Protein chains: 2
Amino acid sequence: MAKRTANGTAARRRTDALSRELIIQTATEILDSDGESALTLRALTVRLKTGYGAIYHHVADKNDLLAAATDDVITNVLSGTVTTGGPRETLRLLALGLFDAIDAHPWVGAELSRQPWRPALLDFYESIGSLLDALAVPEGARFDAAGTLVNYVLGVAVQNAANARHLADGDTDRGAFLNTTAEQWAHLDPGRYPFVHATVTQLREHDDREQFLAGIDIFLTGIAALRPA
Amino acid sequence: MAKRTANGTAARRRTDALSRELIIQTATEILDSDGESALTLRALTVRLKTGYGAIYHHVADKNDLLAAATDDVITNVLSGTVTTGGPRETLRLLALGLFDAIDAHPWVGAELSRQPWRPALLDFYESIGSLLDALAVPEGARFDAAGTLVNYVLGVAVQNAANARHLADGDTDRGAFLNTTAEQWAHLDPGRYPFVHATVTQLREHDDREQFLAGIDIFLTGIAALRPA
DNA sequence: CCGTTTATGGATCGCCGCTCCAACGGACGT
DNA sequence: ACGTCCGTTGGAGCGGCGATCCATAAACGG
């Protein structure tokens, strides 16, 4: 029989360690399996078999938790990217690594868009900077070029997150969702929307990852032209 | 003395018309003046001097409201863009129009990133498509190119929205916020982060709008390379 | 004039993030 | 062996959110 507090609650204490890392890891599991909206403090207390106080002792607030989980993912991406090979190829791999990570954890995209200047991204910026240098981009244009690349990656990340959110509720899978959109587009007036209408097939069949890479190549080509003559 | 309902509430009826449009317009006002987080149904009922029922009679839910407000802004952008001049210049103006609109209404950026396939953007896609055609981008590459451009614009939009959110709470103005970030960057180890460290000055002095245009130009240059030989 | 439809206001619900505090129990001095 | 701290812990409770529900009031059609 557990003793009772003044509140009439049973107060039995856990013996295993509850740590900031364990909380972040559990949060990541919830986010990955059930989506952004499933991460509530209530869900966390249930999963960790604890109370709010314990969690808030290790974590400032929900923002802190999300930011930490995001930093974790980003850090792993950077450490796992191959940096041998030419600057252009390395830049592609770097961007692709970020794309794949956000594809696997769409909530990272949403969170990154909320806080794009996280320290974890510093190494990312730094890598881009040195690679742009290697591509002979003059110093004056490097800041703009780096910003452009990051903005593009962020834009794709946000799209991914949005798509993932739509898939989570209702639609069965990506194919069904795309077909729905394509269906709507197909019914548009071809006179008023010739381009969109003509694009329906590609919307159905396109590969997000390849399209992302195509975009990266467009920007890299444009950046290459910044090289002083 | 007003008559009382069974609930004990005073039920006096308004004479002026409450319409979907009025609700959307009021929501826009709240969003513009006090930011995304200030738009609550309670705030709306207060401002409109009405109840929840009246609002929900004209609007499906909060998402519907935000989407409608966003559509409004976007529609105005497109109708206000000058389309005389060459395709390259028109594309720049189109993108710039969207940038300025989101700069003036940052919440549009956040909402657009949540629902990037809104019908209001169809005209935008359509314009991009025809302009890419005019720029001699082959049909096979047009879909990827258009998607890339939209993603880039969206990425910038999200950044703007995030910055606006940070400005709203605490920091006095943009300058102070940037200085804070720049301060942190300046204290980084120049050995480990040479690029970021060297960029501090540009972070302080750069103009978002010009940087956005620089990115558009990089994109346009990259696009030009897609032209068949 | 009365029945039907449309519009309205607000009590109320369930859930959220977060605060607050009493209770626990290991570390440690004695 | 035994206080007595103090870093942890659990959970009741708060204020605020989006959304629902329903009694009522005006508008309308015959």
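Since the model is a prediction, treat every value here as computed from it, not as a measurement. By convention in this document, chain letters (A, B, ...) are assigned in the order of the sequence lines, proteins followed by strands, and residues within each chain are numbered from 1.
The nearest whole Å value for the distance from the CZ atom in B:Arg42 to the C1' atom in D:dG18 is 10 Å. In this structure, A:Leu66 places its CG atom 16 Å from C1' of C:dC18, rounding to the nearest Å. Between B:Lys62 atom NZ and D:dC17 atom C1' there is a gap of 8 Å when expressed in whole angstrom units. D:dC21 atom P lies 16 Å from atom OH of B:Tyr52, rounded to whole Å. Rounded to a whole Å, the CG atom of A:Leu18 is 10 Å from the P atom of D:dT8. In this structure, CG of A:Leu48 is placed 11 Å from P of D:dT9, rounded to the nearest angstrom. A straight line from CD of B:Glu36 to P of D:dG18 spans 13 Å, rounded to a whole angstrom. Computed from coordinates, the A:Tyr56 OH to C:dG17 P distance equals 7 Å when rounded to whole Å.
Using a 4.0 Å cut-off between a side-chain N of Lys or Arg and a carboxylate O of Asp or Glu, A:Glu111 and A:Lys62 do not qualify as a salt bridge.
B:Leu65 comes within 4.0 angstrom of nothing in the nucleic acid, heavy atoms only. When heavy atoms are screened at a 4.0 angstrom cut-off, A:Leu44 is found touching no nucleic acid atom at all.
Ring geometry for B:Phe219 versus A:Phe219: interplanar angle of 30 to 60°, hence tilted. A parallel orientation is assigned to the rings of B:Phe212 and B:Tyr152, their planes being inclined by less than 30° (bins at 30° and 60°).
If you find the closest nucleotide of DNA chain C to A:Gly53 and to A:Ser37, the one lying nearer the 5' end belongs to A:Ser37.
Not one side-chain nitrogen or oxygen of B:His57 sits closer than 4.0 Å to the OP1 or OP2 atom of C:dT8. An OP1 or OP2 oxygen of C:dT6 is reached within less than 4.0 angstrom by no side-chain nitrogen or oxygen of B:His58.
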Q: Show your reasoning for whether side chain to side chain contact (heavy atoms under 4.5 Å, CB included) applies to B:Asp64 and B:Arg20.
A: CA-CA 11 Å; B:Asp64 182 27; B:Arg20 181 177 165 92; 3.1 Å; yes
